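Below is one structure, written out as structure tokens; the observations come after it.
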Number of protein chains: 4
Amino acid sequence: MRKAPRQQRSQVMVNTILEAATRVLAQRGWANFKTNEVAEVAGISIGSLYQYFPDKLGLAEEIRKRHLSAVLAALSNSAHGEAATTLELRVTRLIDGVIAVHAVDQALHRVLLKEVPFVTVANGEEFEREYQGRYRELIAVSAGAIPNASDEVAARVLAAAVEGVVHAAARHGELKSALLKRELAHLVIAYLRVRA
Amino acid sequence: MRKAPRQQRSQVMVNTILEAATRVLAQRGWANFKTNEVAEVAGISIGSLYQYFPDKLGLAEEIRKRHLSAVLAALSNSAHGEAATTLELRVTRLIDGVIAVHAVDQALHRVLLKEVPFVTVANGEEFEREYQGRYRELIAVSAGAIPNASDEVAARVLAAAVEGVVHAAARHGELKSALLKRELAHLVIAYLRVRA
Amino acid sequence: MRKAPRQQRSQVMVNTILEAATRVLAQRGWANFKTNEVAEVAGISIGSLYQYFPDKLGLAEEIRKRHLSAVLAALSNSAHGEAATTLELRVTRLIDGVIAVHAVDQALHRVLLKEVPFVTVANGEEFEREYQGRYRELIAVSAGAIPNASDEVAARVLAAAVEGVVHAAARHGELKSALLKRELAHLVIAYLRVRA
Amino acid sequence: MRKAPRQQRSQVMVNTILEAATRVLAQRGWANFKTNEVAEVAGISIGSLYQYFPDKLGLAEEIRKRHLSAVLAALSNSAHGEAATTLELRVTRLIDGVIAVHAVDQALHRVLLKEVPFVTVANGEEFEREYQGRYRELIAVSAGAIPNASDEVAARVLAAAVEGVVHAAARHGELKSALLKRELAHLVIAYLRVRA
DNA sequence: CATGAATGAGCGTTCATTCAT
DNA sequence: GATGAATGAACGCTCATTCAT
């Protein structure tokens, strides 16, 4: 962001811009994300937009930053309710969390992760690592005894598999299907059991 | 495509264009896919390009159509070697096939499926159904007895999970990791066993 | 220039653009030199302009290149009429040449040399050296015998002095004043005589 | 200027602005002279700047006005030291003065005279006349007897010639070359002698 | 008076597409 | 059919200037 918004008026403006930009980005995709339209939707002038954001990409990155924070927060919350005693319960909770994340604004999520370029590769990978953390925990818990060398790979496999399934479901509007959720849980649990 | 190329000369031209376009699309991505560059790379005039393709998107869609056909064919081939007797072997073969598909030109594959817009949703779904066929077979074979109502969902879950894992691997250049392949196989087999 | 104009049509277009751009540049100055106005004045589309010139500066530089060539040519011509026997005649001719150069389009000349940035410093200096060549000749001829170490500096002084006077005259519309011309000639000759 | 600053506080503000603007103008040139940067450098708000100056050009003109006054003052000073008895001494002093003027801040001088537009032509000419005064004196002194009709023109020629040489020298960073200074003095003296 | 957030006309440039040759 | 010069709407972004606080 170009300048820190000090006054209250500025804070409002930045939020207005970000909200409008989020809407436009989700609706149109990165390729058709136009700064002038953002300003129009936000009801402000294009000049004001550029007072707070260095350029188009900077604006989108700020949106992504906030969105991914929210995603990780939501995932964390879904984990730390009452202590989950059974593996089934743990897995169900994780899946619920992931689904919840995609349910909020799947289009935005998709655009932010697949279309908006990552200027720094590291930036995207940092989120990925944090994101996979939950799966690593799951594997650590389910593995009866000693940590295995393949645990790291297993966490990545699990994360990618769940992501793949939830993304596909989101694309088809099946995010709320109980049947699908059950099958996905089976998949995860079966894998964890086999590894134990 | 704008017109069916009847004559041989035209056929050659269409192929030339498609090859050049494929190269450009894979290299530059959809956002930087420029018709003028395609014509230049193909060594023909931009006018000729528009003789055979209605617009930029039409050109990309033709590329996708051909690519997806090739993908399905490759997948089919990987299935019908010598009769696969064990479940492990079947699964390994399927995974090998999927990996092979992504290995050939992962950049192109990615662009075609994630960036180039689907004008008709149906268009993408048709391929998806066919693609899931292999997974349906797997479930049918592994299920000991009677077909279950959840088989259809299971196939979709399995397809999406494998896709997710392989895509993620491709993105990180780990497509050839034997360890990853093994874990992915475990995931699939564990799931199939649990369902049986 | 972006692409070499092969066809006759292109040649015409390039000339049309350059003529319009020259007019606009002379009239408005570099700061208000707008590519869209050039296109409008030329009666062509802005796209066509960018087909032949890489950017605004490239266009201006092409104009400068051609103008400076014309300047040097004019100066050369003014030198090589009948053999000038007397020093007075030589000096008069050189001054006439310089005045003629500025008389054609003094505004353009000014803009091109003082406003349009020189991307490469060398570029401007090359012209300057060639331009000073005439003065170096003059000094060589007028010096009776041995070349002096200060000849080079003297040429620069002479060139800059004549330039300064003619520029100032141009600015005040006195380029045709015979009186001024005579005084300038006296200045030059006096200096040459003193050095001899 | 928009309003005469009566109070002391205002005087300070105006000076602060002008100093900052001078620095920015010299550093960036007229084309990149931005009012917002001036305000920032001055440590005041852009609103305050517009309280005292009607617009960007007005600000630059005020700077020019003050600079040219300083130039004339410096030139006057250089003339009225101890009485200069010989012509050589007089000429040397004048040249020293002109060089000194350009040496102080040649970038600013250049920008102010060549880039910042003169809204009224008269504005520039007034300075020019005063500036030429010193040369008129020189001619008057050196001419043995009766004033000549061409004296006025000669003064202009001399002024423009010296200006041209010093400007060129400044552009090439040769303002301190003793050799150049000597040759310039020879030029001036030779001319004055011839006219006597 | 001072502030600085807000404005918006307008710039340079791109690139999908057309159509005269 | 083939060509490629020509088109022009549309984009991202700047910066002189205003005016509510």
Side-chain angles (χ1 to χ4, degrees), chain A residues 2-3 5-14 31-40 43-59, chain B residues 3 5 7 9-10 13 32-40 44-59, chain C residues 3 5-14 17 31-40 43-59, chain D residues 3 5 7 9-10 13 32-40 44-59:
Chain A
R2 187 171 265 182
K3 93 199 303 182
R6 302 253 172 95
Q7 304 188 6
Q8 199 187 7
R9 186 162 49 142
S10 308
Q11 280 286 4
V12 170
M13 171 115 281
V14 166
N32 288 93
F33 180 59
K34 287 155 203 177
T35 53
N36 283 302
E37 189 184 357
V38 171
E40 199 180 359
I44 52 114
S45 80
I46 182 64
S48 292
L49 192 157
Y50 278 94
Q51 197 121 92
Y52 296 103
F53 300 94
D55 54 23
K56 199 169 94 131
L57 183 53
L59 175 53
Chain B
K3 64 168 61 166
Q7 303 186 11
R9 190 168 48 146
S10 306
M13 170 131 282
N32 288 94
F33 180 59
K34 288 160 201 174
T35 53
N36 284 299
E37 189 184 357
V38 170
E40 197 183 2
I44 53 116
S45 78
I46 181 65
S48 292
L49 191 156
Y50 276 89
Q51 192 97 134
Y52 294 104
F53 298 93
D55 54 24
K56 197 170 93 133
L57 184 53
L59 175 54
Chain C
K3 94 204 299 184
R6 303 252 172 93
Q7 304 187 7
Q8 198 187 7
R9 188 166 44 145
S10 308
Q11 281 286 5
V12 170
M13 172 114 280
V14 166
I17 295 171
N32 289 92
F33 180 59
K34 288 155 202 177
T35 54
N36 283 301
E37 189 183 358
V38 170
E40 199 180 359
I44 53 116
S45 80
I46 182 63
S48 292
L49 191 157
Y50 278 92
Q51 197 120 95
Y52 296 104
F53 299 94
D55 53 24
K56 199 169 94 131
L57 183 54
L59 174 54
Chain D
K3 63 167 62 165
Q7 304 185 9
R9 191 167 48 146
S10 305
M13 171 131 280
N32 288 94
F33 180 59
K34 289 158 200 174
T35 53
N36 284 298
E37 189 184 356
V38 170
E40 197 182 1
I44 53 116
S45 77
I46 182 65
S48 293
L49 191 156
Y50 277 89
Q51 192 96 138
Y52 295 104
F53 299 94
D55 53 23
K56 198 169 92 132
L57 184 53
L59 175 54

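Residue numbering restarts at 1 for every chain, and letters A, B, ... go by the order of the sequence lines. Everything numeric here is computed off the predicted structure, so don't read it as measured data.
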Rounded to whole Å, the CG-C1' distance (A:Leu49 to F:dC15) equals 15 Å
Please enumerate all residues that pass side-chain hydrogen bond (donor to acceptor under 3.5 Å, both in side chains) together with B:Glu37, with sequence neighbours excluded. B:Arg28
What string of B, S and - do you get for nucleotides 8-15 of chain E, 5' to 3', when a contact is any protein heavy atom under 4.0 Å? BB-SBBBB
Rounded at 0.5 Å granularity, tell me how far CD1 in D:Ile44 sits from CG in D:Leu49. 5.0 Å
Identify the two heavy atoms, one from D:Tyr52 and one from D:Ser10, that lie closest to each other, and give their separation to 0.1 Å. OH-OG, 3.2 Å
For A:Thr35, give me all partners under side-chain hydrogen bond (donor to acceptor under 3.5 Å, both in side chains), at least two apart in sequence or on another chain. none
For a quick test of reading the model, state the closest non-hydrogen atom pair linking C:Ala39 to C:Ser45 and the distance between them. CB-C, 3.9 Å
Determine the minimum heavy-atom distance between A:Asp55 and A:Tyr50, stating which atoms define it. CA-CE2, 3.8 Å
Length of the line joining C:Tyr52:OH and F:dA6:C1', which is rounded to integer Å: 8 Å
Do you know the tightest heavy-atom contact between C:Leu59 and C:Phe33? CD2-CZ, 3.9 Å
To the nearest Å, how far apart are A:Glu40 CD and E:dT7 C1'? 15 Å
For DNA chain F, what dot-bracket results from Watson-Crick or G-U pairs at under 3.5 Å, with [ ] for crossers and | for inter-strand partners? .||||||||||||||||||||
